[in-house]
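One structure is given below, encoded as C-alpha cells.
One-based numbering along the sequence shown. This structure is a prediction, so every number in the text was calculated from the model and none was measured. Both counts, for ligands and for their atoms, begin at 1 and track the order of listing.
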Amino acid sequence: MASQLQLKVLIDQKDIAEGVDRLACEIERDYQGKQPLLLGVLKGSFVFMADLIRRLDLPLELEFIRLSSYGSARESGGKVRLVQGLRTPVRGRDVLVIEDIVDSGVTTSFLLDYLRKKRPASLKLCTLTHKPSRCRVSVPIDYLGFTVPNKFIVGYGIDCDEKFRNLPDIYAIED
Ligand code: IMP
Ligand code: MG
C-alpha cells in the first residue's frame, strides 16, 4: 500500500529548479533560430515539462505521446505499448523528447525508433533523471537533469501506482 511506503528526499525543490534552469540554458543555446517541437512522454514528464517550457525563450510547440511499459509493479515488463500516438506531424521538425526517467532504456529506445521512422529534421532527448545502474538498452541522452541511484523514485510528476505525482520534491522509496 502506498501509504505504508517510506519516502526519503532525494532531490529537493531548490535543486530541481536549478537543474531545470541549467537544462533550459543548454536547450535555448542549441535551438537558437529553430522552432522545436517538444514531445512530452505522458504522464511522468508533465510537471517537468511545464517548468521547463516557461524557462525557454524559443518559439516552441508542444505535443504529447503516451507510452506504457509498467503495470502496477515496480519492474519494467520490457514490453512497450503506444497508448496515445502522435497527433502532430513530426516530419522535418526539430523534435526534442522530454522524459521523466530513463531506467532500463527500453521505453525511450522504442520511442526514439518510432520517431526516427517519421523522418524528423533532428531528434534529441532531454530527461529529468537517469538510472544508469539499470541500463538494458543504451540510449543517447542529449540533456540530462540528474543521475539517480538504483531506487524507485517518485514525486515531481513521477508516480508509483499513480500516487505521489503531486509531491514537489523527488523522493526515493526505501524498502
Ligand atoms: P524504462 O525501464 O527506461 O523503459 O522505464 C520506463 C518507464 O518506467 C519510465 O518512463 C517511468 O515512467 C517508469 N519508471 C522507471 N523507473 C521508475 C522509477 O524509479 N519511478 C517511477 N517510474 C519509473
Ligand atoms: Mg515515463
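- The N/O atoms of K131, backbone and side chain alike, include one that comes under 3.5 Å of an N/O atom in ligand 1.
- Going from atom CG of D142 over to atom CG of L96 covers 8.0 Å, rounded to the nearest 0.5 Å.
- Atoms of ligand 1 found under 4.0 Å from any heavy atom of S104 (numbered from 1 in listed order, with element): 1 (P), 2 (O), 3 (O), 4 (O).
- The structure places CD1 of I158 at 4.5 Å from CD1 of I170, a figure rounded to the nearest 0.5 Å.
- For the pair K117 and Y114, the cation-pi criterion (under 6.0 Å, within 45° of the ring axis) is not fulfilled.
- For the pair R136 and ligand 1, no heavy-atom separation below 4.0 Å is found.
- Under a 4.0 Å heavy-atom criterion, I153 is in contact with ligand 1.
- Residue nearest to atom 22 (N) of ligand 1, selected from F152, F110, F164, Y171: F152 (by heavy-atom distance).
- Distances below 4.0 Å separate heavy atoms of I158 from the following atoms of ligand 1: 20 (N), 21 (C), 22 (N).
- For the pair R93/E61, a side-chain contact is recorded, criterion being any heavy-atom separation below 4.5 Å from C-beta on.
- Taking every non-hydrogen atom of V106 and a distance limit under 4.0 Å, the qualifying atoms of ligand 1 come out as 3 (O), 4 (O).
- For the residues V80, V41, D100, the heavy atom positioned nearest atom 10 (O) of ligand 1 is part of D100.
- For G105, a nitrogen or oxygen atom sits less than 3.5 Å from a nitrogen or oxygen atom of ligand 1, counting backbone and side chain alike.
- The main-chain N or O of G157 is never found under 3.5 Å from a side-chain atom of K43 such that the two would form a donor-acceptor pair.
- Heavy-atom contacts of D159 reach the following atoms of ligand 1: 21 (C), 22 (N) (cutoff under 4.0 Å).
- Within 6.0 Å of CG in D113 there are more than 12 heavy atoms belonging to other residues, nucleotides or ligands.
- Applying the 4.0 Å criterion to heavy atoms of T107 picks out, from ligand 1, the atoms 1 (P), 4 (O), 5 (O), 6 (C).
- Comment: E18 does not engage R22 in a salt bridge, judged by the lack of any side-chain N to carboxylate O separation of less than 4.0 angstrom.
- Residues R165 and V47 have side chains not in contact (no heavy-atom distance under 4.5 Å, counting atoms from C-beta outward).
- Between L125 and V139, some side-chain heavy-atom pair lies under the 4.5 Å cut-off.
- Every heavy atom of R134 sits 4.0 Å or more from the atoms of ligand 1.
- Each of the atoms 19 (O) of ligand 1 lies under 4.0 Å from some heavy atom of K151.
- For ligand 1, the atoms sitting less than 4.0 Å from at least one non-hydrogen atom of E99 are 10 (O), numbered in the order shown with element in parentheses.
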